[in-house]
Novice: 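Quick one: structure below, then a few questions.
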Amino acid sequence: ADVSGEGSDFSGVGNVIGTVTNISIRSSIVRSSNGIETLIPNSSFLENNVVNWTYSNARVRQAITVGTDYGTAPPHVAATLLDVARRHGEVLPEPAPRVLLEDFGADALMFCLEYWIDYAQGADGRQIASDLRFMIEAAFTDAGIGIPYPQRVVHLHAAEGTTVQPA
């Protein structure tokens, strides 16, 4: 049966993730977001774990992680990230986006922006994530929030007879 169009399930079987476009007696066709169609024996649906992203609801939570300078106040970062998410037209207002302070990293405070999208409305998860990253970079620049580079301390031990000269 051809199941393309509205109501098709966005699923993952093994390493194949995509939309089920056709189901026959022996196999099903799954079309990836790259347009590649994979013929999957129906037995794989019984023998492997199947993740159905849109089984009962096409709304899916996504997340972006970003690190910021330690000198920036976490509430300022959280407010900036939430503002970015609310300005993107395909991020759902409900459930509301949220920001988590995930970790005190070696070089940065690590934040996670969680947001919801709706595959039934034609959302492209990778494109939305990319849009948000561009928007975050611009908003951080405008707000004076730095994204740090990894910092390392290097210890040099001069061997006997080695001369160090300034460049």
Side-chain angles (χ1 to χ4, degrees), residues 3-21 30-38 40 45 48-156 167:
V3 293
S4 58
E6 293 297 318
S8 298
D9 289 337
F10 190 70
S11 304
V13 181
N15 293 331
V16 179
I17 298 174
T19 303
V20 177
T21 60
V30 176
R31 182 178 174 88
S32 75
S33 59
N34 294 330
I36 298 169
E37 293 182 327
T38 304
I40 299 177
F45 288 95
N48 295 298
N49 289 335
V50 176
V51 177
N52 190 328
W53 294 40
T54 58
Y55 179 67
S56 63
N57 190 341
R59 293 179 174 199
V60 178
R61 184 176 68 194
Q62 302 284 301
I64 293 175
T65 301
V66 63
T68 65
D69 288 332
Y70 267 96
T72 307
H76 181 51
V77 174
T80 303
L81 289 170
L82 286 173
D83 179 61
V84 165
R86 290 178 184 131
R87 286 189 289 120
H88 194 286
E90 292 186 78
V91 170
L92 298 175
E94 289 297 325
R98 71 177 184 164
V99 174
L100 303 170
L101 175 55
E102 285 199 323
D103 202 359
F104 298 97
D107 304 310
L109 291 171
M110 300 304 298
F111 292 86
C112 179
L113 170 63
E114 292 182 345
Y115 57 95
W116 290 77
I117 62 174
D118 190 345
Y119 283 117
Q121 295 177 3
D124 179 341
R126 292 185 66 206
Q127 182 63 55
I128 293 168
S130 177
D131 293 347
L132 288 169
R133 287 184 185 102
F134 277 113
M135 293 170 70
I136 288 167
E137 192 281 329
F140 278 10
T141 298
D142 291 346
I145 300 171
I147 299 175
Y149 294 101
Q151 300 174 19
R152 303 290 177 255
V153 175
V154 178
H155 298 278
L156 298 175

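Heavy atoms only: backbone and side chains are in, while hydrogens, waters and symmetry mates are out. Throughout, residue positions are numbered sequentially from 1 according to the sequence presented.
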Novice: For residues E90 and I128, report the shortest heavy-atom separation together with the two atoms involved.
Specialist: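 Heavy-atom minimum between the residues: CB-CD1, 3.6 Å.
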Novice: If you measure from CG on L109 to CD on E102, what distance do you get to the nearest 0.5 Å?
Specialist: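 So the gap between those two atoms works out to 12.0 Å.
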Novice: Measuring from atom CG of L100 to atom CZ of F111, what distance do you get when rounded to the nearest 0.5 angstrom?
Specialist: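 It is 10.0 Å, given to the nearest 0.5 Å.
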Novice: Would you name the heavy atoms of T80 and A143 that are closest together and state the gap between them?
Specialist: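 In this case the closest contact between T80 and A143 is OG1-CB, 4.2 Å.
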Novice: Between CG of D131 and CZ of R87, what distance do you get to the nearest 0.5 Å?
Specialist: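 Answer rounded to 0.5 Å: 11.5 Å.
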Novice: Does any part of the side chain of P95, heavy atoms only, come nearer than 4.5 Å to the side chain of R59, both counted from C-beta?
Specialist: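 Side chain of R59 against side chain of P95, heavy atoms only: contact under 4.5 Å found.
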Novice: Which value, rounded to the nearest 0.5 Å, describes the distance between L92 atom CG and R86 atom CZ?
Specialist: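 Here the rounded value is 13.5 Å.
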Novice: Between the side chain of R133 and the main-chain N/O of I64, is any donor-acceptor distance below 3.5 Å?
Specialist: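 No, the answer is negative, given that no donor and acceptor are paired below the 3.5 Å cut-off.
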Novice: At their closest point, which heavy atom of F104 faces which heavy atom of Y70, and how far apart are they?
Specialist: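 Smallest interatomic distance, heavy atoms only, reads C-OH, 3.1 Å.
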Novice: Determine whether a donor-acceptor pair (N or O, by modelled atom type, separation under 3.5 Å) exists between the side chain of T141 and the backbone of E137.
Specialist: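 Indeed, once roles are kept as given, a pair shorter than 3.5 Å links the two residues.
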Novice: How close do I136 and V84 get, heavy atom to heavy atom, and via which atoms?
Specialist: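 Here I136 and V84 meet closest at CG1-CG1, 3.9 Å.
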Novice: Applying side-chain hydrogen bond (donor to acceptor under 3.5 Å, both in side chains), name anything that partners E114, two or more places apart in sequence or on another chain.
Specialist: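 If we apply the side-chain hydrogen bond (donor to acceptor under 3.5 Å, both in side chains) test to E114, skipping adjacent residues, the hits are R98.
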Novice: Rounded to the nearest 0.5 Å, how far apart are CD1 of I145 and NE2 of H76?
Specialist: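 Spacing of CD1 (I145) from NE2 (H76) equals 4.0 Å.
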Novice: Taking all non-hydrogen atoms of both residues into account, name the closest pair between L113 and A85 and its distance.
Specialist: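 L113 and A85 have their closest heavy atoms at CD1-CB, 4.0 Å.
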Novice: Quick check for you: to the nearest 0.5 Å, what is the distance between L81 atom CG and F140 atom CZ?
Specialist: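 L81 CG to F140 CZ: 4.0 Å, rounded to 0.5 Å.
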Novice: Write down the atom of T68, the atom of P148, and the distance for their closest heavy-atom approach.
Specialist: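 So the two residues come closest at C-CD, 3.5 Å.
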